[in-house]
Amino acid sequence: MAPAYPDDKTAKGPGVDADQRTHQADNDGRFRRQASAFRDTISADHPKFKPEKGRYVVYVAATCPWAHRALLMRKLKGLEEFVDVVWLHWALGEKGWYFKDEDNSVAKDPYYGYTLLREFYFKADQGYEKRFTVPMLWDRKHETIVNNESSEIIRIFNTAFNNQLPPAKAAIDVYPEELRGEIDEVNGWVYDKINNGVYKTGFATSQEAYDENVYPLFESLERLEKLLSDGREFVMGSKLTEVDIRLYPTIIRFDAAYFTLFRCNIKMIRYGYPNLHKWLLHLYYDFPEIFKETTFLEQLKKGYASSRAGITPAGPIPLILERHAAL
Ligand SMILES: N[C@@H](CCC(=O)N[C@@H](CS)C(=O)NCC(=O)O)C(=O)O
């Protein structure tokens, strides 16, 4: 039986609308994110995927918050020589992510000449039947996908290359042993209610599904706002952790895309959550090579707008406020 590729208008999986590009919800109006398929890791004692310079590449798109996590960790850990970055175009096309000689992207993949992300998925697995998502971590040696789940890619980046990094970079640990319990707990509700919550709200096609998600989303933003109200620098306290890395891509997109296009419109970050906004601007302006230089607001706004049927970016592009706005 032919696999039900997301753009194949003739293929209908159980309970899935044919036009998944603009209509991601199941027939009950609820968006359910699929589990990622490639879940391997890189380590010195792994039989296949060893940490080596020039061997790996992460495929990303400026629009995608999950891909943004990988970009942040790569910069934070200084992995430029170990993990290349190749950018898909910011728009999600009929056949999924594609290459185009515009903005960060290029006309075709520099190594394989592919023009679509899906070609990598089929090279890794001919019978692949799931979505063709970014981030996607590719091994040029074995010509296959190592991992396409951002929460695991950032953990790989956190430790896999440490033995070959300068001591200052090797010492950076965003998932320290003593904080793991607390980090896991916060990650749990931040993922469900915020990171994925904006998608469950934005992709909802019934009022019921929208209501089920929009209120918990804003309750959780309130919860973060309270956590940050003691003046702490990062969500878990004085240390930058995985929680900040996983949260930043969602919060930086919030006013520019989720508030408007995903109808997450009870409050904006900049006007409704002063502590969260201050945390956001701190990361963006005070660690620019990690946060600002991996953030492409103009591209991501066009990306979100173009992937929603019937909405074109009217502009002006929402900009981040000046540094002094949070002082
Ligand atoms: N659980 C995955 C989710 C990745 C994901 O859904 N990426 C989106 C872009 S934001 C994507 O590539 N979607 C393509 C599609 O659904 O066809 C992760 O965290 O890495």
Side-chain angles (χ1 to χ4, degrees), residues 3-9 11 13 16-26 31-41 58-74 86-99 104-105 116-122 128-138 145-157 187-188 190-192 194-203 242 245-254 256-258 261-262 294-296 299-309:
Y5 301 131
D7 65 320
D8 183 350
K9 304 278 191 295
V16 177
D17 192 280
D19 186 3
Q20 292 200 7
R21 185 171 73 94
T22 53
H23 188 157
Q24 303 242 13
D26 293 348
F31 168 64
R32 294 179 181 85
R33 188 173 295 281
Q34 66 166 32
S36 305
F38 296 89
R39 312 297 287 265
D40 231 314
T41 192
V58 65
Y59 286 85
V60 297
T63 312
C64 179
W66 317 100
H68 199 167
R69 294 171 165 187
L71 290 168
L72 294 171
M73 276 305 283
R74 174 178 172 271
V86 176
W87 297 81
L88 281 300
H89 191 246
W90 41 257
L92 185 60
E94 286 286 324
K95 291 183 181 333
W97 298 109
Y98 60 94
F99 294 95
N104 297 352
S105 189
L116 296 168
L117 179 70
R118 59 165 53 196
E119 294 174 85
F120 291 93
Y121 276 88
F122 291 136
Y128 185 75
E129 294 190 15
K130 292 186 155 193
R131 301 191 76 98
F132 313 103
T133 57
V134 288
M136 188 271 277
L137 181 60
W138 181 262
I145 299 172
V146 180
N147 197 301
N148 70 336
E149 169 51 45
S150 64
S151 58
E152 294 176 359
I153 293 174
I154 64 174
R155 294 218 175 142
I156 294 171
F157 287 3
N187 278 347
V190 167
Y191 170 76
D192 183 46
I194 301 178
N195 300 139
N196 201 34
V198 295
Y199 281 91
K200 289 191 288 181
T201 305
F203 288 156
E242 204 183 83
I245 299 291
R246 292 167 51 122
L247 186 62
Y248 172 87
T250 301
I251 302 299
I252 195 71
R253 283 162 178 74
F254 203 92
Y258 304 142
L261 297 165
F262 278 12
T294 58
T295 301
F296 297 88
Q299 294 181 45
L300 72 87
K301 190 195 166 197
K302 287 188 286 189
Y304 276 100
S306 64
S307 65
R308 305 291 291 159

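Whatever order the structure lists ligands and atoms in, that order sets their numbers, starting from 1. Side chains are part of it too, since the values below use all heavy atoms of this structure and drop only hydrogens, waters and symmetry mates.
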Exercise. Between Tyr248 and His68, how do the two ring planes meet: parallel, tilted or perpendicular, split at 30° and 60°?
Worked result: perpendicular
Exercise. Do any N/O atoms on Cys64 end up under 3.5 angstrom from N/O atoms on ligand 1?
Worked result: no
For this session: Under 4.0 Å, heavy atoms only, figure out whether ligand 1 is touched by the backbone of Trp97, its side chain, both or neither.
Result: side chain
For this session: Provide the number and element of each atom of ligand 1 under 4.0 Å from a heavy atom of Arg131.
Result: 15 (C), 16 (O), 17 (O)
Exercise. Which one holds for Glu149 and ligand 1: side chain close, backbone close, both close, or neither close, with close meaning a heavy atom under 4.0 Å?
Worked result: both
Exercise. So which bit of Ser36 gets within less than 4.0 Å of ligand 1, heavy atoms only: side chain, backbone, both or neither?
Worked result: side chain
Problem set entry | Exercise: identify the closest heavy-atom pair between Ile156 and Asp40 | CD1-O, 3.6 Å
Problem set entry | 4.0 Å heavy-atom contact, Arg33 with ligand 1 | yes
For this session: Give, for atom OG1 of Thr294 and atom CZ of Arg74, the distance between the pair rounded to the nearest 0.5 Å.
Result: 10.5 Å
Exercise. Ring centroid separation for Trp87 and Phe296, is it under 6.0 angstrom?
Worked result: yes
For this session: Mark up the atoms of ligand 1 that fall under 4.0 Å of a heavy atom belonging to Val134, in ascending order.
Result: 4 (C), 5 (C), 7 (N), 12 (O)
For this session: Give a yes/no verdict on whether any heavy atom in Ile153 is under 4.0 Å from an atom of ligand 1.
Result: no
Problem set entry | Close aromatic pair by centroid cut-off 6.0 Å: Phe120 and Trp138 | yes
For this session: Answer with yes or no after comparing the ring centroid distance for Tyr304 and Tyr258 against a 6.0 Å cut-off, counting only values under it.
Result: yes
Exercise. Touching ligand 1 at all, Pro135? Heavy atoms, strictly under 4.0 Å?
Worked result: yes
For this session: Could you tell me if any non-hydrogen atom of Pro65 lies under 4.0 Å from any atom of ligand 1?
Result: yes
Exercise. Is a side-chain donor or acceptor of Glu149 paired with a backbone partner of Ala37 at a separation under 3.5 angstrom?
Worked result: no
Exercise. Donor-acceptor pair, Asn195 side chain versus Arg246 backbone, under 3.5 Å?
Worked result: yes
Exercise. Against heavy atoms of Asn148, which atoms of ligand 1 measure under 4.0 Å?
Worked result: 20 (O)
Exercise. Checking Thr63 side chain against Leu300 main chain: does a donor-acceptor pair fall under 3.5 Å?
Worked result: no
Exercise. Within less than 4.0 angstrom of ligand 1, does Tyr191 place any heavy atom?
Worked result: no
Exercise. Quick check: does Ser150 get an N/O under 3.5 Å from an N/O on ligand 1?
Worked result: yes
Problem set entry | Sub-4.0 Å atoms of ligand 1 with respect to non-hydrogen atoms of Tyr199 | 10 (S)
Problem set entry | Arg155/Glu242 salt bridge by N-O under 4.0 Å criterion | yes
Exercise. Which atoms of ligand 1 have any heavy atom of Phe132 under 4.0 Å away?
Worked result: 12 (O), 14 (C)
Exercise. Mind checking whether Gln34 has an N or O less than 3.5 Å away from an N or O of ligand 1?
Worked result: no
